[in-house]
Amino acid sequence: MTITSPHLGSSQAWTDAQLLYALEEVVEKELNRHLKVAKDWMPHEYVPFSDGRNFPGIFEDGQAWEAEQSKVTDIGKIALVVNLLTEDNLPSYHHEIASLFGRDGAWGTWVHRWTAEEGRHGIVMRDYLLTSRAVDPDKLEQFRMAHMAEGFESDNRHSMLHSVAYVAFQELATRVSHRNTGHQSGDPVCDRMLARIATDENLHMVFYRNLLGAAFELAPDLTMQSVRDVVVNFRMPGHGMPGFERAAAQMAIGEIYNMRIHHDDVIQPVLRYLKVLDIDGLGPEGLKAQEELGLYMNGLDSEASKFDEKLAARKARVAARAQA
């Protein structure tokens, strides 16, 4: 490390500027590792363009969109729109992380590389949705305009450490959402496309998770407080899109992303990998944050179990009606 922590237990030991400088070597190492394992891919290779037809407009032969034209399941359509609209706000995300991490050195190279990779996701998803006629193209564009016109302002923009902690969890959450959407889509082409996107998201998660691990070594108290704050107040970046709450509820029931998945497949794996709840030698503030994080995770697990019970009961009712 470039800077050695003078007082690991002190909450005033580091500024954002010092942390950015101290973590530069780690960022460079993780960037080089990422570039070695990441594989370039072509969005157009995942889109069934031969299935495409003209929509009404400047084309006289355009065919109007109808819901039955798509083989994608209803829950798949809902999740695809949520996932794409989330990706659409990439300009705002880039602005946020470029402002926090800077545009120079290894940090800047990572910011631009990440943005370029994320840009592929929106390209391929939109091309797939329009070519396969999975969603109403007019409504999709109206949603995009409404969502992007609101912009995006991160809950964690006040702190570099909070932002690193957030993206460590958020990238994994996005990976899980894409992967489960593919499984539930009913279309093997869609499943392959989203599996490709999920691979990118997982590599992004690894970058930020490893960076978060280095932050724990450097400033354990501050990092622990940041992780606690992020986990307790976690929201997906698409929370401001039109109809998000209803769509999120449908995705929860459809087992694409819900409380149990959030606990088991997103939060716990990162905490377990970094052994966050087992870190010792913390100062009073770090220890308090660690204890509060543990209590919150216990509560989240209990709430997830209640959701599991309700979901199982709902499935039983649906099955009983189908057999009646």
Is R209 close enough and on-axis enough to Y273, meaning under 6.0 Å and within 45°, for cation-pi?
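Because its charged atom sits under 6.0 Å from the ring centre and within 45° of the axis, R209 does stack over Y273.
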Within 45° cone of Y166 ring axis and under 6.0 Å: R235 NZ or CZ:
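No, a cation-pi geometry is absent between R235 and Y166.
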Give me the ring orientation class for [X] and [Y]: parallel if the planes are under 30° apart, tilted from 30 to 60°, perpendicular past 60°.
| X | Y | answer |
| --- | --- | --- |
| W107 | F101 | tilted |
| H34 | H204 | tilted |
| Y46 | W41 | perpendicular |

Pairing residues for [X] by the ring-ring contact (aromatic ring centres under 6.0 Å, His included) criterion, not counting sequence neighbours:
| X | answer |
| --- | --- |
| Y93 | F152 |
| H112 | H94 |
| W65 | none |
| H263 | none |

Applying salt bridge (charged side-chain N to carboxylate O under 4.0 Å, His left out), can you list everything that pairs with R126, at least two apart in sequence or on another chain?
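For R126 the salt bridge (charged side-chain N to carboxylate O under 4.0 Å, His left out) partners, ignoring immediate neighbours, are D88.
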Mind checking whether [X] and [Y] have side chains closer than 4.5 Å, heavy atoms only?
| X | Y | value |
| --- | --- | --- |
| E24 | L20 | no |
| D187 | Y128 | yes |
| P269 | L172 | yes |
| L212 | Y208 | no |
| L84 | L80 | no |
| Y257 | N180 | no |
| Q142 | M145 | no |
| H183 | E255 | no |

Within a radius of less than 6.0 Å around [atom1] of [X], do more than 12 heavy atoms belonging to other residues, nucleotides or ligands occur?
| X | atom1 | value |
| --- | --- | --- |
| N298 | CG | yes |
| E28 | CD | no |
| E45 | CD | yes |
| Q63 | CD | yes |

Testing the basics here: between [X] and [Y], what is the closest heavy-atom pair and its distance to 0.1 Å?
| X | Y | answer |
| --- | --- | --- |
| A247 | I78 | CB-CG2, 3.9 Å |
| W14 | A22 | CZ3-CB, 4.2 Å |
| A215 | L161 | CB-CD2, 3.6 Å |
| V270 | A168 | CG2-O, 4.1 Å |
| G254 | I75 | CA-CG1, 4.1 Å |

Strictly below 4.0 Å, N to O, side chains only: are [X] and [Y] in salt-bridge contact?
| X | Y | result |
| --- | --- | --- |
| R133 | D51 | no |
| E25 | K29 | no |
| E309 | R314 | no |
| E285 | K288 | no |
| E171 | R175 | no |
| R260 | D301 | yes |
| R113 | D40 | yes |

No-hydrogen, no-angle side-chain donor-acceptor test under 3.5 Å, N83 and T181
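Judged by distance alone, the side chains do pair up.
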Do the side-chain N and O atoms of H121 and D200 include a donor-acceptor pair separated by under 3.5 angstrom?
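Result is yes, a qualifying pair exists.
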Nearest 0.5 Å, what's the CG-NE2 distance between L90 and H95?
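One finds 13.0 Å between CG of L90 and NE2 of H95.
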Nonpolar side-chain network containing I58, other nodes, edges under 4.5 Å:
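The other cluster members (ILVMFWY side chains, heavy atoms under 4.5 Å, direct or chained) are F59.
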According to a 4.5 Å side-chain heavy-atom criterion applied to Ile, Leu, Val, Met, Phe, Trp and Tyr, with indirect links allowed, do F207 and L35 form part of one hydrophobic cluster?
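The answer is yes; both residues are in one hydrophobic cluster.
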